[in-house]
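Worksheet: the structure to be examined is printed underneath.
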2 protein chains.
Amino acid sequence: MAARLDRIDLKMLRLLQKNGRLSNAELADQVGVSPATCHRRTQALFDEGFVAGVRAMVAPRKVGKGTLVMVGVVLDRSTPESFASFEQAAAKLKCVLDCHLVAGDFDYFLKIRVGDMEDFNRIHGDQLIALPGVRQTRTFFVMKEVVDNAALEF
Amino acid sequence: MAARLDRIDLKMLRLLQKNGRLSNAELADQVGVSPATCHRRTQALFDEGFVAGVRAMVAPRKVGKGTLVMVGVVLDRSTPESFASFEQAAAKLKCVLDCHLVAGDFDYFLKIRVGDMEDFNRIHGDQLIALPGVRQTRTFFVMKEVVDNAALEF
DNA sequence: GGCAGCCATGGAAGAATCTTTCGTGAAATT
DNA sequence: AATTTCACGAAAGATTCTTCCATGGCTGCC
């Protein structure tokens, strides 16, 4: 871990990860520094890339994306061009939350959010198997989200 | 999708999802309402659960969690008790970002962040195969994160 | 040991923002 | 058509942010 982070920086990162809307005054109070120092440190953490961004976590079910599906993908060929064009196309799909090149029985793993199974079936036929170079896909419907997108512990 | 959301609510959610630190004044300006109305609407979106929270996205590599691993898990037995105890234990692991009960060749899929392969190997031996009821695990090292934790599109 | 340079800190103050109250007007209902 | 309901924007006090400045501790070098 970057040794540039002292105890206060780590505490700030953990607090902001739990609640990105903490005001500077509250954060300063909780980590035990003045608002001025807190403001400078926070800005430094952002400037130096420790915080990639701050995001409101929209509740998936509330916006019609309550169904989660994991999909393993195998490509036709294992050429750099084949990988590149698949990645480029997959990254454009609105339903794709994760797309990872993996080692193992699959080439890629996708994490996808859709409205329901019917929605997924349509997307699978229209978009997934239509991705360039796809030989086969294996679908794992998520029946229960035990932990989804947990905060990073460090 | 909940029809309770009009065009302004949707725009606010999308903007806050991209930048959770948008000030109320900026948000109001971008969606074309007064700060007062924007404030009321934002608060309502939070109160009604459309926004589950706001989170600073800490850069994994910056805090020593640069390696991503997907793990498929098969349990010994398919009893409710077996599932429950596995879930309870898995949810406590600090490295687990996702833990999903799935339909298919695996019982669970885990998404895990660690420092490096050596770190994973240790965790695999100490924590993963030690989870209650685990018959076998299949590890998929992520070689390239094409899309990780993309914002929800709705 | 002493001294100079460097850096982070906290106080303070102006500027900006938030948050609530109030009155208005539009839309739906009776 | 009257009434109720609802959301809206303007305004203002309170809060917060953001920066400047002086202080104090730490390091490195006489």
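This is a predicted model, so every value here is computed, not measured. The sequence lines fix the lettering, A, B, ..., with proteins before strands; numbering per chain opens at 1.
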| query | Side chain of B:R41: nearest nucleotide among C:dG11, D:dA7, D:dG9? | reply | D:dA7
| query | Between D:dC17 atom P and A:F46 atom CZ, what is the distance in whole Å? | reply | 13 Å
| Phosphate OP1/OP2 of C:dT17 contacted by B:S23 side-chain N/O (<4.0 Å) | no
| field | Exceeds 12 heavy-atom contacts within 6.0 angstrom, atom CD of A:Q88 | value | no
| Minimum-distance nucleotide (side-chain atoms of A:A25 versus D:dT19, D:dC17, C:dG10) | D:dC17
| query | Rounded to whole angstrom units, what separation is found between the CG atom of B:L5 and the P atom of D:dA7? | reply | 13 Å
| task | Send over the distance from A:Q43 CD to D:dT19 P, rounded to a whole Å. | result | 6 Å
| query | Between A:S34 and C:dT9, is there a side-chain N or O to OP1/OP2 distance below 4.0 Å? | reply | no
| Residues in salt bridge (charged side-chain N to carboxylate O under 4.0 Å, His left out) with B:K92, at least two apart? | none
| said: Strictly distance-based, threshold 3.5 Å: is any side-chain N or O of B:S82 a donor or acceptor partner for the main-chain N or O of B:G133? | reply: no
| Rounded to the Å, how far apart are A:D29 CG and C:dG11 P? | 13 Å
| task | Examine distances only and state if a side-chain atom of B:R113 and a backbone atom of A:E153 form a donor-acceptor pair shorter than 3.5 Å. | result | no
| So A:D98 and B:K111, salt bridge (Lys or Arg N to Asp or Glu O under 4.0 Å) or not? Walk me through it. | CA-CA 11 Å; A:D98 283 8; B:K111 177 180 175 181; 2.5 Å; yes
| request: Write down the distance between CZ (A:R21) and P (D:dC17), rounded to a whole number of angstrom. | output: 12 Å
| request: Can you tell me the distance, in whole Å, between the CG atom of B:L27 and the C1' atom of C:dA16? | output: 17 Å
| said: Side-chain heavy atoms nearer than 4.5 Å, only ILVMFWY residues, links allowed to pass through others: does that put B:V96 and B:I129 together? | reply: no
Please report, to 0.1 Å, the donor-acceptor pairs under 3.5 Å made by any side chain of residues 64-76 of chain A, with sequence neighbours excluded.
from  : atom 1 : to     : atom 2 : distance (Å)
A:T67 : OG1    : A:G115 : O      : 3.1

| remark: Parsed dot-bracket for DNA chain C after applying the Watson-Crick and G-U rules with both distances under 3.5 Å and | for other-strand partners is ||||||||||||||||||||||||||||||
| When you check the phosphate oxygens OP1 and OP2 of D:dC17, does a side-chain N or O of A:H39 lie under 4.0 Å from one of them? | no
| 5′-ward residue of the pair A:E26/A:R40 relative to DNA chain D | A:E26
| request: Measure from CE on A:M12 to P on C:dA8 and round the result to the nearest Å. | output: 14 Å
| Separation of D:dC8 P from B:R7 CZ (nearest whole Å) | 13 Å
